[in-house]
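Report on the structure given below.
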Amino acid sequence: MYCAQEIGESLLAKLWGQGKDGAPIITFPEFAGFSEIPDEDFLNVVTYLTSIPSLEAASIGFIIIIDRRRDKWSAVKASLTRIAGAFPGNLQLVFVLRPSRFIQRAIADIGIKLYRDDFKMKVPIIMLNSVSDLHGYIDKCQLTRELGGTLEYGHSQWIHHRTAIENFAMTVKTTAQMLQTFGTDLAETELPNDVQCTEDLLSAHTDHHSKLKDELKLAVKQGATLLTCIREPVTRSANSKLSPDELENVATVERLLAQLDETEKAFDQFWTRHHLKLEQCLQLRHFEHDFREVKLTLDNLMEAQAGFSDVGDSVSRVEHLLREQKQLEEKGQVCKAQTLALHGEQLIQNNHYAVDSIRPKCVELRRICDDFTNETKKKYDILGKSLELHKQLDKASQWCEAGIYLLASQAVDKCQSQEGAETALVEIEKFLATAKEHQLSNPKEFYNQFDTILTPEIKILQKLEDVQEMFDKRQVSLKKLAAKQTRPVQPVAPHPESSPKRASPKTTRPAGVGGPLIFASRYSIQYYSTPYFFSFSHIINELIETERVYVEELQSIIEGYASEMDNPSLLHLIPSMLQNKKDILFGNLPEIYDFHNRIFLKELENCIENPELLARCFLKRKEDLQIYEKYCQNKPRSEALWRQCGDSIFFQECQRKLDHKLSLDAYLLKPVQRITKYQLLLKEMLKCSKNSEGTAELEEALATVLDIIKSVNDSMHQIAITGYEGDVGELGKLLMQGSFNVWTDHKKGHNKVKDLARFKPMQRHLFLYTKMLLFCKKREENTDGHEKTASYSFKNSLKMSTVGITENVKGDNKKFEIWYNGREEVYIIQASSVELKNTWISEIRKVLTGQLEACRGKTQCDLMMLPSFCSCCLTFLAVKNSLSASVSPPLPSPPLFLSFFSFSYFTQARKQLIQFESIYFYFFL
C-alpha cells in the first residue's frame, strides 16, 4: 500500500483545506513533468490522498483544483483526462485555473467546449480566470498562499505527520494481531495432567502476557506522543488554531488510541478468564496429587491394620500394641485427609470448572476417613479389652501363686491337732474370700466376659480350677481333722512325695505374672513367673514364627512366580518386555531364600532351648546378611519393570493359583521389611534384658544389624551417583553419606569470588570413603508419575591422604572445616545438628588415624635420609620442646609425627612439610 513517505517531496498533488460543506480539497499545483508521470504512480497518489479523510468527509465528495495558469491547454486537457479516468473517489466540483496567456486562454475556452463530453465527468468543470474567481467558491482560509489564501501548508511537516500516523496505525494493527495470535494459542492450549507441567505452563503464559502488556503500553505511549506533536502549535500559542486537516489527523490518532484501548480491554477480559482456568487447573492437580498420596497411605495402613490381628499375650505386650496402634493412627493422616476434603469442597463452592472430578474424590476421602476411624476404634476396643483381660490374668496368676504358697506353707504336723486344723481352715477361708476382690469367684462368668479374645494358649481358667480343687480337698481334710476328739497324736513327718515342701524362711513369695500351667513343666515356677522370661520368650517366639512365615512367603514367590516364568504352558501370557528379565524382577531373592531356609531359620530354632545363643546367630551371620545389600540395590530396577508389566494376565494367574490377597510387588517388599524387623525385635529384647546376662552380646548383635541396614541404605545412595569418571569401587568402603551446607574458600581465588563463596552456601551431598571424599549435588526428578527419585551429580573430590580437619569453627558449633595443601582450599561444612557433626568428625578422625598407623614406621627411614627434611625435624623438635613445657601430657617426639608421611623425592619435601604441619597441629589440638 502507498504511504506518505513514498510521496516524498514531490508536489504532484496535495490534500489541504475544505469546502464550505466540509468537502476535502485536493490541489494539483503547476507541475512541469505532470504528463511524464506514469499512470500507476498517479493512481497510487490520488488513491492514497482520497483514503486520508474520514468516511463522512469522503462521502460528501472531493473538490479538485487544477492550477494551470502558466501552462498550456494541452496540460489542462491531460490533467482532466487523467483525473476523469483514474480518480477513485466521489467528485463534487472541479475547478480549473486556465492558462493566463491570451492565446492559451482562448484555446482553453474553445477546447473545454469541444471536449467536455470526452472527459466523462458527471460533475461540473468550472473554468476560472484568476484566484479571485476561486475565492467566490472557496473561502480564503481554506486555500494555501499560492492560491491567494491564508492557510499555512508545510509539505515536509505534512509528510512527517502522515508518516507518524501511518506508523502508529501499523503498530496498532501489529499489536492487535499479536494479541489475537496469543489469544488463539491460549484457547487451543490443552491443560496438563500434572503439577509441574501446569506450573510451567502458567509461568510461560504469564510471562508472555506481561510482554504483550508492555507492547501495549509502548503503543499507547507512541500514540500519546504523536497526539502531542500534532497539537503542538495550539499548545505553543493560545491564538493558534489547528487546520481542518490537522484536526482530521487528531481525530485519526484518537480513533486509533480508542481502538487500542478496546483491544486491550477485550484481551484483559479473555486473559482473566484464561488465567483463572489455569490457576484452577493447578489447584486441581495439587488436589489430585495430594489425594493420591493420602489415599495410598490410608489404603496401606488399612491393609496393615487388617493384617494386624495380634491382641497381645501380656500387659506389657498389649501396652506396646496400643502404642503401635497410636503410631499407626498418627501415620494415618486422617486430619490431612479431612483437611483435603474440606479444601475440595471449598474449590466446589468457588465454582471450579472440574466439579465432577473433585466431588467424587471428596466423597471417597470422607469414606476412607470413616473406615479408618471405625477400624481404629474397633482395634482400640479389642486391645482395651485385652489389656483388661491380662490385668485380670496377672491378678489371677498372682492369686493362684499365693494360694499355692499358702497351701505349701501349712505344715502337716501342725494341722493334726484340732486347733491347728481350725487355724488352717480360717487361713484358707480368709484367702478364698479375697477371690471376690479379684472377681475370681465365678470362672465361667470370667470366661463369658472375655470369650471373644480368649485363646487356647491362655490356660489361667484351668489353673484357677486346679487351685480351687486343691483348696476344696484341703478344706475337706482339715474339717475331718477338726471334727475329731482331741487325743494325743504322735506327729509323723510326711513323705516328700505326699505333701508339699515347706518354703524356706529366706524365700519370699513370688509375685510373677505367669504360673506353672502356662509354660512347659521342665522350668521352675520362679523362673517362669518373672517378667523378664515372659517378655523375652514371647519375642523369641515371635522372631521364630515370623521367620518361618517369611521363609514360606519367599518359597511361594519363587515357586509360584519365578519358576512359573519358565513354564511352557504360561509363556504366551508373559509380556514381551518381561522376557529374559527374571533376574531383574526378582534380584537375588533365591539366594536370600536359600540362606534363610537352610541356615538361619534352623539356627534361630535352636534358640528355643538356648535363648542365650540368639545374639550369636546375628554376629555369626553378619557377612551372610550382606546379601540384602545386593537385593536393595536392584529394587529400583525391579520396581520400574513391575510398573511396566505388573497388570499383565500372567501375574494375575499366578496370584490366583497361590490364593494371595496381595499382588507380587507387595511380596517383593518382604526382604526389605524383614531386614528392618530384626533390629526392632533386638531392641525389644534389650528392653527386657537390661543389666542381665547376655546384654552385651545383644547390644553387639543390634549394632551389627543396624550396621547392615546402614550399609544397605548407603549403597542405595551410592548407586545414584552420576558424573564420576572413576570407579567408586576403588574408593574403599563407604563410611558415611549425608547432605550439608558447604562454603568454599580458595586462597588463590579473586577476593570478590572468595567473599561470595564465604556467604553463599552450596547444598552438597557428601560421600565419605576410606580413600576419598566426594562432593555431589542432589537432584530429584519424577519417574512416570511416581514418587521422586534422587540422583547425585558429582562435583568435586578430595583424597583423604591429603586433607586435614578443623573440628570447631568460630560462631557455629555445627560447622567444621576440611582443608588441604596448607589450607590453600578450605571447605566449611555445616551439619544439621551437633550430633551429626560429631559423628562425621569421628569417622574422619578414624580414617586419618588409620592412615597414620599405616604409614608409621614405613617412611621414618626415608624421611631421615632427606638432608633438608632433617632441618624440618629439628624445627619441629624446637616447637615441641617450647610447647611441651605448658602442655600436659607432653607432645610426642618429632619422629613419631614424621613417620606419618612418605617423601619419595627431595623436591616434594616442602609440599609434604606443609601437610605434616597441618596434621601435626591437628593432632595437637
Side-chain angles (χ1 to χ4, degrees), residues 723-726 731-732 736 740-777 793-812 814-831 837 840-841 843-852 854-855 859 862-863 866 868-869 871-873 875-876 879 894 897-925:
Y724 182 71
E725 296 181 355
L731 303 183
M736 301 283 289
F740 297 86
N741 290 331
V742 178
W743 291 262
T744 60
D745 191 358
H746 302 270
K747 277 189 175 182
K748 294 184 179 181
H750 194 275
N751 289 335
K752 185 176 290 186
V753 175
K754 290 169 67 179
D755 292 340
L756 287 173
R758 189 176 296 114
F759 292 106
K760 292 186 177 181
M762 298 177 291
Q763 298 295 324
R764 291 292 182 264
H765 200 91
L766 273 59
F767 292 83
L768 176 63
Y769 295 85
T770 53
K771 297 181 181 180
M772 191 81 75
L773 178 64
L774 300 186
F775 291 78
C776 300
K777 184 174 182 180
S793 177
F794 171 76
K795 294 296 182 183
N796 193 16
S797 63
L798 297 176
K799 290 184 178 180
M800 293 304 295
S801 60
T802 64
V803 304
I805 64 170
T806 303
E807 295 186 8
N808 297 304
V809 176
K810 185 177 180 181
D812 192 341
K814 292 184 289 186
K815 289 182 180 179
F816 62 98
E817 290 181 348
I818 297 179
W819 41 265
Y820 71 102
N821 287 352
R823 297 182 67 86
E824 183 176 81
E825 286 192 24
V826 179
Y827 295 83
I828 303 172
I829 300 173
Q830 183 186 49
K837 166 197 163 182
W840 273 74
I841 287 178
E843 287 297 329
I844 295 174
R845 189 189 296 119
K846 289 178 183 177
V847 174
L848 296 180
T849 305
Q851 293 176 354
L852 182 149
C855 295
T859 59
D862 294 335
L863 294 174
L866 292 172
S868 62
F869 195 74
S871 62
C872 299
C873 297
T875 301
F876 275 100
V879 173
F897 287 87
L898 297 180
S899 65
F900 297 175
F901 310 95
S902 175
F903 294 83
S904 302
Y905 301 99
F906 175 76
T907 56
Q908 296 180 352
R910 183 177 300 276
K911 178 178 179 182
Q912 299 291 339
L913 179 58
I914 293 173
Q915 182 184 2
F916 161 72
E917 293 173 350
S918 302
I919 295 187
Y920 184 96
F921 285 103
Y922 162 71
F923 280 99
F924 167 65
L925 294 173

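Asp812 is linked by a side chain to side chain donor-acceptor pair (under 3.5 Å) to Gln830, counting only residues two or more places apart in sequence or in another chain. Judged as a ring pair (Phe, Tyr, Trp, His ring centres under 6.0 Å), and not counting sequence neighbours, the contacts of Phe775 are Tyr827.
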Go through Ile844 and Ile818 one step at a time and tell me if the side-chain contact (heavy atoms from CB on, under 4.5 Å) criterion holds. CA-CA 10 Å; Ile844 295 174; Ile818 297 179; 3.9 Å; yes
side-chain contact (heavy atoms from CB on, under 4.5 Å) between Thr806 and Arg823, intermediate numbers included: CA-CA 11 Å; Thr806 303; Arg823 297 182 67 86; 3.5 Å; yes
Do Phe767 and Leu731 pass the side-chain contact (heavy atoms from CB on, under 4.5 Å) test, and can you show the C-alpha distance, the side-chain angles, and the key distance before you say yes or no? CA-CA 10 Å; Phe767 292 83; Leu731 303 183; over 6 Å; no
Apply side-chain contact (heavy atoms from CB on, under 4.5 Å) to residues Glu825 and Thr744 and explain how you reach the verdict. CA-CA 7 Å; Glu825 286 192 24; Thr744 60; over 6 Å; no
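Atom CD in Gln763 sits 4.5 Å away from atom CG in Asn741 (nearest 0.5 Å). For the atom pair CH2 (Trp840) and CG (Leu773), the distance works out to 6.5 Å, reported to the nearest 0.5 Å.
Contact annotation: the side chain of Val742 approaches that of Leu766 to within less than 4.5 Å [non-hydrogen atoms, C-beta and beyond]. The shortest side-chain heavy-atom distance between Glu817 and Ile829 does not fall under the 4.5 Å cut-off. Contact annotation: the side chain of Val847 never approaches that of Glu843 to less than 4.5 Å [non-hydrogen atoms, C-beta and beyond]. Contact check for Leu848 versus Arg845: no side-chain heavy atoms found under the 4.5 Å cut-off.
With a 6.0 Å radius and a threshold of 12 heavy atoms from other residues, nucleotides or ligands, Lys777 has its NZ atom at or below the threshold.
Between Val803 and Lys799, the shortest heavy-atom contact is CG1-O, 3.2 Å. Shortest non-hydrogen contact noted between Met800 and Gln851 is O-OE1, 3.1 Å. Taking all atoms of both residues into account, the shortest heavy-atom contact from Cys776 to Phe794 is SG-CA, 3.9 Å.
Distance alone, capped at 3.5 Å, is enough to place a donor-acceptor pair between the Lys837 side chain and the Glu807 backbone.
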